[in-house]
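Down below is the structure, laid out as structure tokens.
Order of the sequence lines fixes the chain letters, A, B, ..., with proteins taken first and strands second; residue numbering starts at 1 for each chain. Heavy-atom basis, side chains included; hydrogens, waters and symmetry copies ignored.
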Amino acid sequence: MFHSVSSKVNFPQVEENILNFWRNNSVFERSVESRRGSPRFVLYEGPPTANGSPGIHHVLSRVFKDIIPRYKAMKGYYTPRIAGWDTHGLPVELEVERGLSFSGKAQIEEYGVDRFNTRCRESVFGYLKEWEAMTERIAFWVDLKHPYITMDNKYIETVWWAIKQMWDKGLVYQGYKVTPHCPRCGTSLSSHEVALGYQDDVEDPSVYIKFKVLPSLALESPEQKKLNELLLDKNKPTYLLAWTTTPWTLPGNTALAVAADAEYAVVEVDDEYLILASALLEQVGLENYKVVERVWGDDLEYLEYEPLFNPHRYGVERRHMSSGLPLQEPVRDLTYSVIDTGFVSLEEGTGIVHIAPAYGEVDFEAGLGKELDFVHMVDLQGIITGNYPFSGKFVKDADPLILDDLKARGLLYRSETIRHTYPFCWRCETPLLYYAKQTWYIKTTAVKEGLIAGNDEINWYPEHIKYGRFGDWLENNVDWAFSRERYWGTPLNIWRCESCGRYECIGSVEELKGKTGFTGLKEPLDLHRPFVDELTFDCPECGAKMRRAPEVIDCWFDSGAMPLAQWHYPFENDTLLEDGRFPADYICEAVDQTRGWFYSLHAISTLLFNHPCFKNVICLGHILDVKGEKMSKAKGNVVEPWAVINKHGADALRWYCFTASPPGNVRRFSEKSVAEITRRFLLTLWNVYSFFVTYANIDRFTPDAEATLSFQSELDKWIISELNQLIIDVDTALDGYNPTEAGRKIESFVNDLSNWYVRRSRRRFWKSENDADKLSAYATLYECLVTLSKLLAPFIPFLAEELYQNLVGSVFPEAPDSVHLADFPVSDVTKIDKKLEADTRLVMRVASLGRAARSQAGIKVRQPLAHVVVSVASSNERRSLERLKPQILEELNVKNLEFIDSVAELDKPGYMVSSEGNCAVAIPTEISPELASEGLAREVVHRLQIMRRLAGFDIAEYIVTYYQGEAYMRKVMEDFADYIKQETLSRQLIEGLPGEGAFTESFKLGGYDILLGVKRLG
RNA sequence: GGGCCAUUAGCUCAGUUGGUUAGAGCGCAGUCCUGAUAAGACUGAGGUCUGUGGUUCGAGCCCACAAUGGCCCA
């Protein structure tokens, strides 16, 4: 006996019970261990940070991470899955800073790095319990008891090892480079972080500045000489007109750039001359002034001008951009010159570009190329240094003061504002400053070819990411700025000699401890700041003290090193690269990880081994709200996963994730869709299951593993054929990392099973004799349900388990006690009959048309008709229908099936035709008295069935039926007595008043009055 | 400014290598069926397949350009 199954079901409750079963019986662990020794299938879990509640998008990625390993396990692979937690980085620090109401690094230092990092350490697991609960509840099977954690000493040590490998290959360098810098967080941002924070429509100054040109002796060409004559005119000074949107960089100006091959005009404006590109005269509004001279850009080269702010006058250092940036002596009458560069735009501005090497990437490059001066007058907090009138101000606040100063000196030609796109810090929304400073880099550009070649071997789903978003990113690779001037992170493992400046990279704790003069160690060892900062040793060159560089490393490096660091490679598990644990077969994250984790994994793996570390990747689209807008706390449109799970269950949410839309697309999430999934799919499946169990128990059906289904009807053969085809389809789709297609195929099968197989087989299940046909029906439906439970196990592990345990567990004690320990079904291709499948589709079509004809004629299906007339495209189809004739007769409640050659023959009085394409079906509209009586008998049966249910009788319970009515009705009751008795499980039909305790009702059927009563037997 | 993705019924989505009259589910209106009943069937309304060109005997599908939305980059 199966345990009884109500058609009413509370999925979340069923799921909770199954969770308990899995927990109490270590089913996950056993599902892994039972396949030990088989080939491995490796999933890398991209570590989330548990310092906030998991969102619906985390559910999406976690169920996609789950389904493939579950499938592979059932296919026999050994597939341990290790959880991981990302614990370092700016997001964590910012969360802690927020909690402490800090506004910058100074407060952290004051508070103490020790205490601050302790807070970070606590914060990263603030929501661990909730993450673990959610992970378990949605049945993401992963080993939560032994996770890798990026802040563990062992994890850090592997990261150190990895950096040391790169160091030894000469791939780590310290560059004086302009990087996007967040003045609030006090650190550089990597290019992928910058990408997160662009804002449109930012209002900034748009100003035109005049740079006073000085006469020169060095000018030689005729044009230059003419120019010089103008410059010698003491009454009319000459200015180069330049344009900028960042006035605060003007004190750092050390050159002006022109385009050598562009034409420039000298315009006489009132009592001064202005120089700018001819092409931009109109745009700047100078087209109506007199052009006194036209020259080429290269004539302007080497022209000297007065700096707007002589750095020496304002107490700011001036360095020279030759090797080592040597400090320059004060010069009273400092001049700068015009240079030619390739990047001067003639689309906007003036065609003369202000160059401040400290504050722009191209400016810096130009500075290196032309050996310009380097003037840096802003500190790391974005505050102007020196003794300018605007010193001490934040750069953006200094902008208007700088402009006032220039205006007072007559050097501001025009001041406006523009709206453009500007990058902001993705965490704290402070405008980023492009800022020259020393940063540690990994020379990823050295392995660019390897990155691209490695990508060729990776399967991306969807495919377009491969050579689209990811491929483009690799093609445009720049070196990885991987150091951060922060506190909570893997400390950079580079030590520097205080005296001679020698650097050394340390690759392990052992190596560090073995250094001559090593000191500062406190037990227990904690590799984090500030303790690691205390670890010093002697410089092997000069004997002075070696101190650690103050930076920590980008947390993306942490997570990207997980293939090795989760195993503490190479300090432990040194066979990792050969024993199948590397590379991963599968990873899965959302599309924002293209430049995040996907990249850091790929880069580190390529740098170390010149080999990709993942073979297949599903790249998920983002989840939007029901209106297609991004979910955000501010908008209040964030969907809380627990609410959905508690109401509809995890399986419903999982099935939604897999089948609702292609995984790579953006998806609009609504709870309504999950509710629809439940109705459309889960309840349909449940109803079939409940139907089966109800009747199987009545008939004491016991499946026999050895039995051959030799008595199968055409209907049975058909659904078994569809089932075996389904196994192939699902297997193929999952093997190709396409759960969506696989799930949709299952949906379609369940629909056929419910709405054709079960509907057409119902009478076979409730007829009284236990004959071969009935057994065949049970065995067939049983096989479908058991196979479905296995096919569905990776998708909806709870419901699959419920089906399996009841259908298999209660009958076959020797079978695995969980569907997740079972093997994936194998298709028996000999049972696939394509002809029968096509023929059955045709029958369905004819039945559908027949019902349509009945509907149009207004004749109930309950009313039997003499025949149905069908016209089909070919004699083949006619033969097919002949073969499956019983299905049509029963479905349409007709006595006979007739064929005609052409639709035209049907178009006559007395018939109602319905057609589609080459197929037409007609029913007679005349009903003989005999058929009318039979129809009435069926009507009586129908009413009695409803009464049985209303009276609360059991499905299999026998009753006595009473009736009283007009003569015609009495005759119907007598003529069809056997039929009525059989259908309604009535032992007797008694004419007369219903007995004591009977449930009675009276009806008017076909115009005749009748009183009916039903009563339990004794 | 550049790149990628999407755009098919009110909503969510299918739509094979280009080939009859573009489909499903939900929702809506109506009818039916029902011992799976918190299901099911049928009918109806609802589509210029985002637009404009092009290739072709034939385009929802291929090409070009554009629009809208989303994402990424500068």
With both distances under 3.5 Å as the test, what is the Watson-Crick or G-U wobble partner of B/U21?
->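 Check on B/U21: unpaired, no WC or wobble geometry under 3.5 Å.
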Can you tell me the Watson-Crick or wobble partner of B/G69, both distances under 3.5 angstrom?
->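 Because both required distances fall under 3.5 Å, B/G69 counts as paired with B/C5.
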Quick check on [N]: is either OP1 or OP2 less than 4.0 Å from any side-chain nitrogen or oxygen of [X]?
X        : N     : value
A/Asn755 : B/A41 : yes
A/Lys8   : B/A38 : yes
A/Arg762 : B/A36 : yes
A/Ser754 : B/A36 : no

Looking at the rings of [X] and [Y], which for Trp means the six-membered one, are their centres under 6.0 Å apart?
X        : Y        : value
A/Phe658 : A/Phe64  : yes
A/Trp473 : A/Phe470 : no
A/Phe2   : A/Phe692 : yes
A/Phe11  : A/Trp686 : yes

Considering every strand and a 4.0 Å limit on heavy-atom distances, what is the contact class for [X]: base, sugar-phosphate, or nothing?
X        : result
A/Ser690 : nothing
A/Arg744 : sugar-phosphate
A/Val9   : nothing

Looking only at N and O atoms, is any donor in the side chain of A/Arg469 or the base of B/C71 less than 3.5 Å from an acceptor on the other one?
->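 Such a pair exists between side chain and base.
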Is there a donor and acceptor pair, one atom on the side chain of A/Thr694 and one on the base of B/A36, closer than 3.5 Å?
->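 No, no donor-acceptor pair under 3.5 Å.
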When you compare B/C61 with B/G15, how far apart are their C1' atoms, in angstrom units rounded to a whole number?
->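 Between the two C1' atoms, the distance is 9 Å.
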When the nearest nucleotide of RNA chain B is assigned to A/Val591 and to A/Arg668 on a heavy-atom basis, which residue is associated with the more 5' position?
->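 Its nearest nucleotide lies further toward 5', so the answer is A/Arg668.
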Would you mind telling me which residue lines up with the more 5' stretch of RNA chain B, A/Glu676 or A/Ser673, judged by nearest nucleotide?
->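 Looking at the nearest nucleotide for each, A/Ser673 comes out on the 5' side.
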